[in-house]
Enquirer: 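One structure, as structure tokens, below. Some questions next.
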Number of protein chains: 2
Amino acid sequence: MVDKMHAYAGKILRVNLSSEKITIEPITKYTTRFLGGRGINQWILYNEVKPGIWPFDPANRLVFGTGVLVGTPAPGACRYTVDSKNVYTGGVGSANSGGHFGPELKFAGYDHVVIQGRSRKPCYLWIDDDKVEVKNAEHLWGKTTWETDDLIREELKDDDIQLADIGPAGENLVRAACIINNGARAAGRCGLGAVMGSKNLKAIAVRGTGAIEVAEPQRFMKLAEELLEKINNAPRMDFFKPYGTMTVAQHDNDNWSGCPVRNFQDGYWEKSKNMRCEDLVKRFSKRSLGCFSCPISCSHWLSIPAGEFKGVSGEGFDTNTINNFGYKLNINSWPAIIKAHVLCSQYGLDVDNTAGSIAWAMECYQRGILTKEDTDGLELEWGNYKAVLELIKKIAMREGVGNLLAEGSKRASDKIGRGSQKYAMHIKEQDLYETLRYRKGWALGVIVSPRGGGHLRGAPAFEGNVSPGEAEKYYGVRTAADRKAYEGKAKIVTWMENFKAVLDSVGICSLLSWWKSPHLIGPEDVASLLEAATGRHVDVQEIMKIGERIHNVEKAINVRVGMKRKDDSPPDRFFKEPIKSGPGKGDILERDKFEKMLDEYYELRGWDKRTGLPTRSTLEGLGLKEVADELEKYGKIAESAKER
Amino acid sequence: MVDKMHAYAGKILRVNLSSEKITIEPITKYTTRFLGGRGINQWILYNEVKPGIWPFDPANRLVFGTGVLVGTPAPGACRYTVDSKNVYTGGVGSANSGGHFGPELKFAGYDHVVIQGRSRKPCYLWIDDDKVEVKNAEHLWGKTTWETDDLIREELKDDDIQLADIGPAGENLVRAACIINNGARAAGRCGLGAVMGSKNLKAIAVRGTGAIEVAEPQRFMKLAEELLEKINNAPRMDFFKPYGTMTVAQHDNDNWSGCPVRNFQDGYWEKSKNMRCEDLVKRFSKRSLGCFSCPISCSHWLSIPAGEFKGVSGEGFDTNTINNFGYKLNINSWPAIIKAHVLCSQYGLDVDNTAGSIAWAMECYQRGILTKEDTDGLELEWGNYKAVLELIKKIAMREGVGNLLAEGSKRASDKIGRGSQKYAMHIKEQDLYETLRYRKGWALGVIVSPRGGGHLRGAPAFEGNVSPGEAEKYYGVRTAADRKAYEGKAKIVTWMENFKAVLDSVGICSLLSWWKSPHLIGPEDVASLLEAATGRHVDVQEIMKIGERIHNVEKAINVRVGMKRKDDSPPDRFFKEPIKSGPGKGDILERDKFEKMLDEYYELRGWDKRTGLPTRSTLEGLGLKEVADELEKYGKIAESAKER
């Protein structure tokens, strides 16, 4: 039994799987500068995993972090972030998930779990409040995430255990492998399931019986209630609540040709008429599902009542799955998409990265670069869902052509050559699902993201979805209303990145904070919640500065392994091929304007435009002198950039 | 039962441990351009393991190759080379071993074994002529190499099986892990035992009952006999036969202060008087031991009859072990050195890399950078053999401070900081045992070696050991007689590198070819042997060109992962701290002269001096247009070096 604890007084649990040594450290030495969650995770990685440590090295760390507010009644304070070396980029690896795992970890008394070393045999970690054990998992090796959950709950005789685990994909070090909790919630990008697999760690099982104490309970509850009300009364909740982000794909397709159609060859998919999320919910949803402390419950339990996939059921998805399997691969059937999603959850595969390499293979097939001889006889026509389902399994098991695709499109294309590289749609070597022609700030946010693509850092979802007046009022950037404008977008992206670092460090879901609306949780709200939770004065400027500090630590991790300005660039296709059809026909990313926007971004960040490297003055201004000193030693700081 | 086969008609056995798919390919598509052994290994790696694949990735390959002449009666044709990604440098990984494993593989019908993927469980490969199986090795995991040999021989009921396996160090992905055959013979450098461990491959067991057929048997036998006679009558055989390379350390210490004393703080060790190899052989040798088809038998079976290490026995060592544990760590006791060597063999640790990180730790301890708090209480005084033996075990098992040292001195020093980086004596991040102040050509050869240090590529062992007349006559470089001269050394190193590539591709021991003497096996001899073996005309110029081609492929592998001129440089100590005592007192590597020698080397290689990158003309001149094209794509070729 764990007592109540102060929101700021969590512990860091450190497990060395090589020696099975388990230690506890206080979190307090980090909180002032890095808050918690992702901030502390990345600072631990910055200090402990130097360049020359590759993702699957035992010396790599896999760090789970929950966030200061997780486990409190603050709305959406349910997230955990996993950070490590990125198996695609070699730099920042970071993935975030909701559900109930993060809060349970917090209730057990831990804000962070640092996994290091490599177990000699498959194992899982059992955290039962303050009793922590490394347990044998040889009998679980090869099992799906769902089977693993069941077997561990049975073995430990407790149905309320929360689990984060890997499927066969993680065991097989498939780059697209993710970490799954609650059967479908994924810490998805950056291949962190493969890092977990490389450590022979099948799962982390947690049972926590404590509670989180806040410094000023009454003030905190009042704030939480006010936020709940604000959220409940926010515009578009009639869409957001039942459909979550699922509406995004159809909205972007219909209005802007903004989808990754056939591996980004187009932005508009004519068949999307049959792929409405309203129809999905109506036909397949059994009930809505929500994460811990969330007033929205944007997810669904889906079940297929009849047809080819009769009986398939599982938790649903965000826009990603729809964009990836629908628009990108042209699968024109909800049951097939549900099945694909369920397979990814069971095998422990990230849908973005998995569909990314499949899309590359399909385009290569379309162009005759890959033939049936290369694909184990599969006909990789667009929309051939049977082939896609087969490929998902092959990728997870590294069977046949799946072994090639398990490396992601960039590496697969390097391997086979044949001119296939230009169809590998990646940023910093990680597969992409975000299209980059239709909204310029969105494009910038995705391209500069330190974890290698993905929109969940600086890409503004509200771009083009607000009026000029709202844009001016809420973001101070009138052009936020104009999706085609390049001007002012660098400012938005910079702000978004900083705030996202804060959200990931307090553990609040970003969908509750910046989803198309300034009416949700903003920096002021986070500051107030933190103040009430910790009893210390918290300034809005201060927390945004912490966000900037965290973002600069990630930048330092990336430049330390050799990344430069050149790595902040998109696949050529976005510069060369305009959108072919639909309302956004003709849209393209203009190279000159993009580069100018990137210049502005570096200026706002206080980084060197030419090289993309940070400057000493910026780092010192953020209280990161030690980072500046180290980057200088490596020849990776702007002023001294002798290009070593 | 395998039939006799033509020396050039071997097979490539490919084993995918992820899918357990086993296939056979002909070697013939490679032989004309790359001969065999290391040449073909590296070409396979160049083509199949692109940048972005890190050493422990399933997509990495571990390639064993024997060499065209292996298994024939050609003197010293006993070697095999293992190539893969280097766990230190990320580039060329290559290690070579003698004994009986290579010939046995050849007798089973295979010139190469390509291991790819990653087994789901510990396994070993059983090659019984043309029957090849992946077998369970869960019961072998955690066993020493010696125990593994015994258990597999027992299990397969055949005492004549040859085995190459890893110990606990390889299982634990210790960077210093090597592959051991015949209980003590090591494919040592570059951490390839850890790569094998990352694939969950414990051992390769081989039984071959075939024989190698040569095209012109009578001519071949005559050539072999002439070479045997030449070798037997070569000068210094009275020393070479009984002591192998063991005399080198005492010779270099006594004459030139040429040893890595106390982590290269000095070059002369006053206590080496007690460490004569004549004494070692007299006191501990039970009998001499030789590899397959070797007329020298330079090794010994050692056994300790009394004292603290009574009963310890095993096969002896080359100069490495003496330099590493004697001179470098100041262990002044043969029994302790024998024990250290045996432990390394059993745990599967390379003596150079292991002693390298221990030496760094000892110097840090000397300087107060590490204290007993960091070392699990061990007193790391120079010469404290008890602590060294403890550290060897800790490194292999990644226990306590051993977990830090398991990363090698470069990464360990990056991890702890505290000014310790300057005591990490490495080249391209791999630990070093060769001292670089006493002989300038030797220094160049070690520094430019593509595998990251080590003298077994271009470093001329004869440098300073021949008269000016011999130097002129045999090497065409009069200054080869003058160890302190920089002039002409680039030419020697270039030639040596090319010839070593040939030797590693035909499988002849380099000790029989360039060991201080032009009277052993030279390029003309190799050409004649190849001609008689294959029935094809073989030109000396042609095989030296093949050597150059192989060396350029390795260069391309390194530059493709980002290496440049800066990576061809030694630790600063060699430029800044002269040798302190002994006959070589005051010797130092002069930076300006070294850089000029390096310029000359790049010129001779036809590479760009400024960047160190290859040029298109050089690559095309070697028939490597496809390599030039690819490097250009990566921005890694001199003419187009836009420094991407």
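Note that the structure is predicted; figures quoted are calculated from it, not measured. In what follows, every chain begins at residue 1, and chains take the letters A, B, ... in the order their sequences are listed.
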Enquirer: At a heavy-atom separation under 4.5 Å, does A:Ile53 approach chain B through its side chain, its backbone, both, or neither?
Expert: both
Enquirer: For B:Lys415, is it the side chain, the backbone, both or neither that has a heavy atom under 4.5 Å from a heavy atom of chain A?
Expert: both
Enquirer: Under 4.5 Å, counting heavy-atom pairs only, tell me which of A:Pro55, A:Pro58, A:Ala406 racks up the most with chain B.
Expert: A:Pro58
Enquirer: Relative to A:Trp54, does B:Arg411 satisfy both conditions: NZ or CZ under 6.0 angstrom from the six-membered ring centre, and within 45 degrees of the ring's axis?
Expert: yes
Enquirer: Among B:Gly197, B:Gly52, B:Ser18, B:Ser19, which has the most heavy-atom pairs under 4.5 Å with chain A?
Expert: B:Gly52
Enquirer: Could you check which of B:Glu171, B:Lys21, B:Glu48, B:Glu429 has the highest count of heavy-atom pairs closer than 4.5 Å to chain A?
Expert: B:Glu48
Enquirer: Ignoring hydrogens and geometry beyond distance, is a side-chain donor-acceptor pair present between A:Ser409 and A:Asp431 at under 3.5 Å?
Expert: yes
Enquirer: Between A:Glu399, A:Arg120, A:Glu407, who has the most heavy-atom pairs with chain B when the cutoff is under 4.5 Å?
Expert: A:Arg120
Enquirer: Measuring from atom CG of A:Asn403 to atom CD1 of A:Ile395, what distance do you get when rounded to the nearest 0.5 angstrom?
Expert: 10.5 Å
Enquirer: Got a second to check how far A:Asp414's CG is from B:Tyr634's OH, nearest 0.5 Å?
Expert: 3.5 Å
Enquirer: Which residue out of A:Lys121, A:Arg175, A:Lys410 racks up the most heavy-atom pairs below 4.5 Å with chain B?
Expert: A:Arg175
Enquirer: If I measure from the heavy atoms of chain B, does A:Asp57 come under 4.5 Å with its side chain, its backbone, both, or neither?
Expert: both
Enquirer: Do B:Thr89 and B:Arg451 make a side-chain contact, defined as non-hydrogen atoms from C-beta onward lying under 4.5 Å apart?
Expert: no
Enquirer: To the nearest 0.5 Å, how far apart are OG1 in B:Thr148 and NZ in B:Lys143?
Expert: 8.5 Å
